[in-house]
Amino acid sequence: MSDPFDLSDVAPAPPLAPPAAPAYLDSLNDAQRAAVEATDGPVLVLAGAGTGKTRVLTTRLAHILDSGLAHPGETLTVTFTNKAAREMKERVEGLLGRSVEGWFLGTFHAMAARVLRRHAELVGLESSFTIIDTDDQLRLIKQVMVANDLDDKKWPARSLAAIIGRWKDRGLVPDKVSGDEAGEFANGRAVELYRQYQTRLAELNAADFGDLLLHNLTVFGRDAAVLAEYQQRFRYILVDEYQDANVAQYLWLRLLAQTHRNICCVGDDDQSIYAWRGAEVGNILRFEKEFPGARIIRLESNYRSTGHILAAASGLITHNEGRLGKTLYPASEALGDKVRVLGTWDGNDEASTVSEAIEALQRDGHALHEMAILVRAGFQTRAFEERFLQIGLPYRVIGGLRFYERLEVRDAIAYLRALAQPADDLAFERIVNKPKRGIGDASLRTVNLHARTRGIPLQAAARELIETDELRGRARKALAELLNNLERWRISRTTMALRELASIVLDESGYIEMWRNDRSVDAPGRLENLKELVNALDEFDNLESFLEHVSLIMENAEAVDNDMVNVMTLHGAKGLEFDSVFLPGWEEELFPNRRSLEEGGVTALEEERRLAYVGLTRARHRAVVLYAANRLTYGQWLSAAPSRFVAELPEDHVQRESVSAAYYAGFGDADAVDPTSFDRPSFGGRTSSWRRHTSHAPIPAIETQDHAPGTFAQGSRVFHQKFGYGQILAIDGNKLEIAFDKAGTKKVMDSFVNPA
DNA sequence: TCTCCGTCGCTTTTT
DNA sequence: GCGACGGAGA
């Protein structure tokens, strides 16, 4: 296998051949084309929502490769998500009509990991270092805090993790954190704890996500030759979603672009919604300073949304002060529907209003997967889920627990880590007593103590201890067996396929058995996931590449594109688009979110507003904003005022309606909205079932019934008032998946069916 | 080692 | 109002 870092194979760029302009350039508008063809020197592309940002980036890369300006290995293209990277790769290859190898295209983290594996020794790591996730990170931080006698009640480990994370985002190693930044935490000892945490990571031969970039900066700072090598190599650098870059990423890019200065960053300050995790919109402003003479190209022609939607979104975002200024123009003349703004009675009313609108659209022939419900916070999805289950509307919630985050999957991976990396104490601690082997806290403390005094990893310490009488009978025996097993699996590793190895490990360790014996409802699902994990191993050549994949690809496998309504957070929707978008929960406290405002003041309010802007601009043809007069908050019904964003939507482009007069009846604090602005005569234009009747449609009468657990069994026949007879395919708590004889397969709540 | 009970906190999240 | 987590006690 060729070493991807070997630079000797990189041919110098062939002389500039004058190619005929390929067809893909012709379909661009002037601004887009300028952004593609300005290959020489730094370029900043300010690309509004729906203006073809990805298109510009992919075409630019294709153009660079096609015209012979650079060899694939001389280009660096960075994105934030694996999904974006994959898309970029596919689209560029599509434009070129051939596959491309050897280029540096991927997420910031994946690219940084690639560099770091090659120069790990410069930061005191081995090339085989483990990339730990936030879970391990938190456990490690807790350990450091315990070692410092800090009360984790008073000083939560999460807060320290966040503080350290922010420092890393800003490119600050412990020595660089200035004294006055120490802050309140642990009476100003945060920097010291940060230092200790880094020491522990090095001892474990591990790096957290923030380290990947941070260590790169250290590597570049320590070895000028290494830096120069990469600076020489990357003739062209392309950056996606630049507004999301943190300072560390900015510094990284700045270093790498120094020699050739052909860097092209594409971003939109109005879509910056990740400041809370370190993104610095200021990077956009810095760009001009850092690269004097940088060309700035604005993409302002929006190809996505119809006129009213775009105007409503633009009107809203003008309430933000800190903007670079950009005007979006609709690419087509069509004004389309106005943005509908609906007041509802409460969260349930909101959910049924949305589901009725969805069903109406469906009857008009609109596909469900072209509709999305975008919420501010995760808990909001529940009301929609319940309602959809009730009426049997297919939906999928995007986000939530990812495959590799599941408890059982993480345990299984910990076994593999413990055998691949004997120094990986975190993995060892995770599996040492799973399943229960009688190695409890006391035994583990002894092992830990020994490891500390000897300065060796836990596994090595355990091995030494079982030769002594330090540990009592049962624990000693169990530990010996585990260590022997790990040793044996380690040997098998050389002769066995990965998949086979994993099944043997999971089987012989008793881990599978543990879940088989577990009587809880989710045990079967967990066994299923373990099977899936083992199957997934077939795609990897070796354990190392699998573990790298696991740590860098945290996303869910793309759901099969069944026709389902999408439910997700506004954050999760960035970069996506749908024909119809529903935006519920536009209420003060919820959106803009109170906690967010408390923490970040005006800056945070503007970020919330950008989030609203992102939500609206996801819609191609239809956008509906909803707010409820009453909302169940922490188990209490509270009356809610409409979001200030509702009032900020420009009047000419919205159609305000209230679902029922009931809105006012329950809405005591109506000062925030002008009631006269509601219930205006509906605006002209397309009339269809889309336009809803103002009266409150009754919820279809379906009798619900409580069933004792165990009433239903897989395979048994049931009757549903709306869907008729069917057979149970699967049971997930009180959700049933049923193949109805007439209505197809649907997920419903058990309270809506009876045994047939 | 397990289980029970009180306390807390409760926005967004890729890698 | 609910779930996670940690401490206490059997």
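Numbers restart at 1 for each chain; the letters A, B, ... are given by sequence-line order, proteins then strands. Below, each value reflects all heavy atoms present in this structure, side chains not excepted, and no hydrogens, waters or symmetry copies.
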Nearest-neighbour nucleotide for the [X] side chain, [options] considered:
{"X": "A:Y634", "options": "B:dT12, B:dT15, B:dC10", "result": "B:dC10"}
{"X": "A:T569", "options": "B:dT11, B:dT15, B:dT12", "result": "B:dT12"}
{"X": "A:K142", "options": "B:dT11, B:dT12, C:dG6", "result": "C:dG6"}
{"X": "A:L552", "options": "B:dT14, B:dT15, B:dT1", "result": "B:dT15"}
{"X": "A:A377", "options": "B:dT15, B:dT13, B:dT12", "result": "B:dT12"}
{"X": "A:H109", "options": "C:dG6, B:dT15, B:dC10", "result": "B:dT15"}

Could you tell me the separation between the [atom1] atom of [X] and the [atom2] atom of [N], rounded to a whole number of Å?
{"X": "A:Q380", "N": "B:dC10", "atom1": "CD", "atom2": "C1'", "value": "13 Å"}
{"X": "A:R594", "N": "B:dG9", "atom1": "CZ", "atom2": "P", "value": "13 Å"}
{"X": "A:K574", "N": "B:dT15", "atom1": "NZ", "atom2": "P", "value": "12 Å"}
{"X": "A:R610", "N": "B:dT12", "atom1": "CZ", "atom2": "P", "value": "18 Å"}
{"X": "A:L407", "N": "C:dC5", "atom1": "CG", "atom2": "P", "value": "11 Å"}
{"X": "A:R609", "N": "B:dT12", "atom1": "CZ", "atom2": "P", "value": "21 Å"}
{"X": "A:L547", "N": "B:dT15", "atom1": "CG", "atom2": "C1'", "value": "16 Å"}
{"X": "A:L444", "N": "B:dT1", "atom1": "CG", "atom2": "C1'", "value": "14 Å"}

Checking side-chain polar atoms at under 3.5 Å, does [X] have a donor or acceptor matched by the opposite partner on [Y]?
{"X": "A:E429", "Y": "A:Q143", "value": "yes"}
{"X": "A:N246", "Y": "A:R170", "value": "no"}
{"X": "A:E408", "Y": "A:N529", "value": "yes"}

Query raised in the report: Does A:F80 lie flat on the base of B:dT15, that is, centres under 5.5 Å apart and planes under 30° off?
Result: no
Query - Residue whose nearest DNA chain B nucleotide is more 5′ - A:G438 or A:E608 - result: A:G438
Query - 5' priority, DNA chain B, between A:F108 and A:R437 [closest heavy atom] - result: A:R437
Does a side-chain N or O from [X] land closer than 4.0 Å to OP1 or OP2 of [N], or not?
{"X": "A:R595", "N": "B:dC10", "result": "yes"}
{"X": "A:Y274", "N": "B:dT11", "result": "no"}
{"X": "A:N593", "N": "B:dT12", "result": "no"}
{"X": "A:K83", "N": "B:dT15", "result": "no"}
{"X": "A:N433", "N": "B:dT1", "result": "yes"}
{"X": "A:K436", "N": "B:dC2", "result": "yes"}

Query raised in the report: Sub-3.5 Å donor-acceptor pair from the side chain of A:R139 to the main-chain atoms of A:L426, do we have one?
Result: yes
Query raised in the report: Between A:D349 and A:W345, is there a donor-acceptor pair closer than 3.5 Å when you use the side chain of the first and the backbone of the second?
Result: yes
Query raised in the report: What interatomic distance, in whole Å, is found between C1' of B:dT13 and the corresponding atom of C:dC2?
Result: 23 Å
Any base atoms under 4.0 Å from [X], or only sugar-phosphate, or nothing? Heavy atoms, all strands.
{"X": "A:I439", "result": "sugar-phosphate"}
{"X": "A:E607", "result": "nothing"}
{"X": "A:S596", "result": "base"}

Query - Electrostatic pair A:R277-A:D244, nearest N-O below 4.0 angstrom - result: no
Query raised in the report: Between A:R609 and A:F645, is NZ or CZ placed under 6.0 angstrom from the six-membered ring centre and within 45° of the ring axis?
Result: no
